[in-house]
Engineer: 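Take this structure first; my questions come after.
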Amino acid sequence: MAGLLDRSREIVTDQMEKPEAKVTHVGLKDVNLEYVTYNAKVSVTNPYTTPLPILQISYALKSANRDIASGTTSGSGGSLKGNNTTVLDVELKVQHSVLLSLAREIAADWDSDYELGVNFVLNVPIDYELVIDFVLDVPVFGNLTISILNEGKIKFPTFSDLSTLMKVRLLLLLGTSTPSCSDEKLHAIQAIIYTQRR
């Protein structure tokens, strides 16, 4: 009997209207000493009259055939409005060292001088592939996963993308030898500042 109920639920689930989602924009949100934050705006349409709780959001961001960021949020993800479209912000956090390594790889592929290559790369958008999975709680049917694949271009952060306070902190950091700053972070900061001096 339980098997028959499960099979019936599968048939109905396959035929029912499901929420749809699409990425409308991916852009630079913030830069700090640890990582660069990109923001993905996702528009999700809920065809049901009842709000649907978001149980989990996970993402994977790739560029140049390599993973550059991934993450998962669980609980307190809010909900999708009933019979409406909800715009969600998904933050994608990328470590500076990963972006610098990506810039080095791209510059090496162009067979150009390292400093000039990084300078050029940092001022050019890079191709990305973004996968976002939403797990929703649908009444009667249980958990439903919506997957989105989005491709586009994002830019490397430049010195002009930093807030005034962050610029002062970076310049002070470069002016003093701080043990708490790793070589990778220092190189990432120097590469960002170098692009603005050219």
Side-chain angles (χ1 to χ4, degrees), residues 2 5-99 102 122 124-158 160-166:
L5 285 175
D6 289 340
R7 181 67 186 136
S8 299
R9 183 180 294 178
E10 284 177 22
I11 292 170
V12 172
T13 301
D14 288 342
Q15 296 175 355
M16 72 180 199
E17 192 176 10
K18 296 177 183 167
E20 295 181 0
K22 66 179 179 178
V23 175
T24 59
H25 178 73
V26 177
L28 183 65
K29 180 179 180 181
D30 188 32
V31 180
N32 66 34
L33 292 176
E34 296 297 319
Y35 47 79
V36 175
T37 303
Y38 292 95
N39 186 61
K41 288 202 173 292
V42 183
S43 176
V44 187
T45 303
N46 178 5
Y48 310 122
T49 55
T50 182
L52 298 178
I54 301 170
L55 301 179
Q56 179 177 295
I57 300 172
S58 59
Y59 69 87
L61 182 63
K62 294 183 177 186
S63 184
N65 295 320
R66 62 181 281 194
D67 294 331
I68 60 172
S70 62
T72 301
T73 60
S74 298
S76 67
S79 63
L80 304 178
K81 300 171 192 168
N83 267 347
N84 209 330
T85 298
T86 304
V87 177
L88 302 169
D89 290 313
V90 179
E91 289 189 354
L92 318 168
K93 295 185 178 183
V94 183
Q95 297 290 327
H96 286 291
S97 59
V98 173
L99 284 178
L102 182 62
L122 289 174
V124 173
I126 57 168
D127 294 324
Y128 73 86
E129 179 180 290
L130 174 62
V131 177
I132 301 177
D133 292 325
F134 292 94
V135 179
L136 308 174
D137 182 11
V138 180
V140 180
F141 297 103
N143 294 353
L144 174 68
T145 301
I146 300 174
S147 292
I148 312 167
L149 172 63
N150 179 259
E151 295 176 341
K153 293 184 181 293
I154 52 176
K155 70 173 195 165
F156 282 100
T158 61
S160 62
D161 294 318
L162 303 177
S163 67
T164 303
L165 178 61
M166 185 57 70

Engineer: Can you confirm whether Ile132 sits close enough to Val23 that some side-chain heavy atom of one is under 4.5 Å from a side-chain heavy atom of the other?
Structural biologist: yes
Engineer: Using atom types as modelled and distance alone, determine if a side-chain donor or acceptor of Thr49 lies under 3.5 Å from a backbone N or O of Gly82.
Structural biologist: no
Engineer: Among Leu61, Asn150, Leu149, whose side-chain contact (heavy atoms from CB on, under 4.5 Å) with Glu129 holds?
Structural biologist: Leu149
Engineer: Exactly one of Ile148, Val90, Val42, Thr73 should register a side-chain contact (heavy atoms from CB on, under 4.5 Å) with Tyr59. Which one does?
Structural biologist: Val90
Engineer: Establish, from distance only, whether the side-chain atoms of Ser147 and Asp133 form a donor-acceptor pair under 3.5 Å.
Structural biologist: yes
Engineer: At their closest point, which heavy atom of Pro47 faces which heavy atom of Asn83, and how far apart are they?
Structural biologist: O-OD1, 2.9 Å
Engineer: Might you confirm whether atom CG of Asn143 has over 12 heavy atoms from other residues, nucleotides or ligands at distances under 6.0 Å?
Structural biologist: yes
Engineer: Below 4.5 Å, heavy atoms only, C-beta onward: do Tyr48 and Pro139 meet side chain to side chain?
Structural biologist: no
Engineer: Using a 3.5 Å distance criterion without hydrogens, assess whether the side chain of Thr86 forms a donor-acceptor pair with backbone atoms of Lys81.
Structural biologist: yes
Engineer: Are Thr85 and Thr45 close enough that a side-chain donor and a side-chain acceptor fall under 3.5 Å?
Structural biologist: yes
Engineer: Could you grab the distance from atom CG of Asn46 to atom CG of Asn84, nearest 0.5 Å is fine?
Structural biologist: 8.5 Å
Engineer: Does any part of the side chain of Leu80, heavy atoms only, come nearer than 4.5 Å to the side chain of Ile54, both counted from C-beta?
Structural biologist: yes
Engineer: Is there a side-chain contact between Ile146 and Leu136 in this structure, where contact means two heavy atoms from C-beta onward sitting under 4.5 Å apart?
Structural biologist: yes
Engineer: If you compare all heavy atoms of Asp137 against all heavy atoms of Leu52, which two are closest, and at what distance to 0.1 Å?
Structural biologist: O-CD2, 3.7 Å
Engineer: Is a donor on one side and an acceptor on the other found under 3.5 Å between the side chain of Thr24 and the backbone of Lys41?
Structural biologist: yes
Engineer: Nearest 0.5 Å please: distance from the OH atom of Tyr35 over to the NZ atom of Lys93.
Structural biologist: 3.5 Å
Engineer: Between Tyr38 (side chain only) and Asp30 (backbone N and O only), is there a donor and an acceptor less than 3.5 Å apart?
Structural biologist: no
Engineer: Would you mind reporting whether Leu88 and Val44 have side-chain heavy atoms less than 4.5 Å apart?
Structural biologist: yes
Engineer: Quick one: pull up CG in Leu130 and OG in Ser70 and give me the separation to the nearest 0.5 Å.
Structural biologist: 11.5 Å
Engineer: How many angstroms lie between atom NE2 of His25 and atom CG of Asp89, to the nearest 0.5 angstrom?
Structural biologist: 10.0 Å
Engineer: So does Val26 get a backbone contact from the side chain of Tyr128, meaning a donor-acceptor N/O pair under 3.5 Å?
Structural biologist: no
Engineer: State whether the side chain of Asp67 and the backbone N or O of Ala69 hold a donor-acceptor pair below 3.5 Å, judged by distance alone.
Structural biologist: no
Engineer: Can you tell me how far the CG atom of Asn39 sits from the CG atom of Leu92, to the nearest 0.5 Å?
Structural biologist: 7.0 Å
Engineer: If you apply the rule side-chain contact (heavy atoms from CB on, under 4.5 Å), what do you find for Leu144 with Val135, and how did you get there?
Structural biologist: CA-CA 6 Å; Leu144 174 68; Val135 179; over 6 Å; no
Engineer: Taking the side chain as C-beta and beyond, is there a heavy-atom pair between Arg66 and Val98 under 4.5 Å?
Structural biologist: yes
Engineer: Can you name the closest pair of heavy atoms from Pro53 and Ser79 and give their distance?
Structural biologist: CA-CB, 3.8 Å
Engineer: Would you compute the distance between atom CD1 of Ile126 and atom NZ of Lys155 and round it to the nearest 0.5 angstrom?
Structural biologist: 12.0 Å
